[in-house]
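Values below: all heavy atoms of this structure, side chains included; hydrogens, waters and symmetry mates excluded.
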Amino acid sequence: MTIDDGLADLDAAGVGGAPAWSLATLPARMAEVAAAGALAGVLMILLWLRLRPDLSSAVVGSFFWIKAAYPAVIAACALVAATLFARGARGGGRALAAAGALAGAMLIAAGVDAWTMGAPALRTLYWPNAAVCVGNVLIIAAPMLALIATGLRDVDLERQALTGLACGLFCGGVAAVVDGLHCWQTTYAFVGPWFTLAMLLSGGVGAGLSALLGAHRRRLAEAD
């Protein structure tokens, strides 16, 4: 076998000149971004936002894990949806519908929880705590959104905006899981609406970025 034959075999196996970001590698790349983004988010909390003061006691309670599981499942559904939308395969809508059903259940639980609260307790769920929560999740999600947008800028996506929406929801879900190390709120009435809103906003940013990148690629193609 010659050197040229060996290089040809590597190329056929997807080694060497194969792009890091492609439709085939999208799930793996998104998982890597999630790992890096989660690490960056933990560092943000340790160095800037600070850990919640009751963390050692919170981790032994069930709600801490419910609060983490909710956005984690949303992120998992969004990962499946992004992969399917990007490839033009069926099932992406069903994956987002599953995430929507979970969000709906969480919002129902939030409404029931809020119904049992008095006015003073309800006021603590809103300004400024809500804005701080949403802002923190978006800040943690921002590096992941940037990495995924950069990685996908040269990938031909079958459904551009929907892929971006799912990628944004994925980043928001991962960010919300990490934010649980900082956010001290322990009620469905808080976590339900504000974590959901933060993830939706992250999804909107992802859809917008993806649409802009798609339009830019089309302009470049027309110019050529």
- If we only count heavy atoms from C-beta on, is the Cys133 to Gln185 side-chain gap below 4.5 Å? no
- Item | side chain to side chain contact (heavy atoms under 4.5 Å, CB included) between Leu157 and Ser210, intermediate numbers included | CA-CA 9 Å; Leu157 304 175; Ser210 185; 4.1 Å; yes
- Task: Please lay out, stage by stage, how Phe190 and Phe195 fare under the test ring pair (Phe, Tyr, Trp, His ring centres under 6.0 Å).
- Result: CA-CA 8 Å; Phe190 185 91; Phe195 271 36; 7.2 Å; no
- Item | Minimum heavy-atom distance Arg87-Pro27, with the two atoms named | NH2-CD, 3.7 Å
- Any idea which heavy atoms bring Phe170 and Ala34 closest together, and the distance? CZ-CB, 3.5 Å
- Would you confirm whether Trp65, through its side chain, and Val59, through its main-chain N or O, come within 3.5 Å as a donor-acceptor pair? yes
- Task: Examine distances only and state if a side-chain atom of Arg50 and a backbone atom of Leu46 form a donor-acceptor pair shorter than 3.5 Å.
- Result: yes
- Message: Given 3.5 Å as the limit, does a donor-acceptor pair link the side chain of Ser202 with the main chain of Leu169, or not?
- Response: no
- Query: If you look at every heavy atom in Leu26 and Thr83, which pair is closest and at what distance?
  - Reply: CD2-CA, 4.1 Å
- Query: Backbone N or O of Asp54 within a donor-acceptor pair of the Ser57 side chain at under 3.5 Å?
  - Reply: yes
- Message: A side-chain contact here means heavy atoms from C-beta on lying under 4.5 Å apart; do Trp21 and Thr150 qualify?
- Response: no
- Where the side chain of Thr116 meets the backbone of Asp113, is there a donor-acceptor pair that is under 3.5 Å apart? yes
- Query: Within the distance-only criterion (no hydrogens, no angle test), does the side chain of Arg29 pair as donor or acceptor with the backbone N or O of Gly151 below 3.5 angstrom?
  - Reply: no
- Query: Taking a hydrophobic cluster as the set of Ile, Leu, Val, Met, Phe, Trp and Tyr residues connected by side-chain heavy atoms closer than 4.5 Å, whether directly or through intermediates, do Met30 and Leu147 fall within one such cluster?
  - Reply: yes
- Message: Between His182 and Leu49 (side chain of the first, backbone of the second, donor and acceptor by atom type, cut-off under 3.5 Å), is there such a pair?
- Response: yes
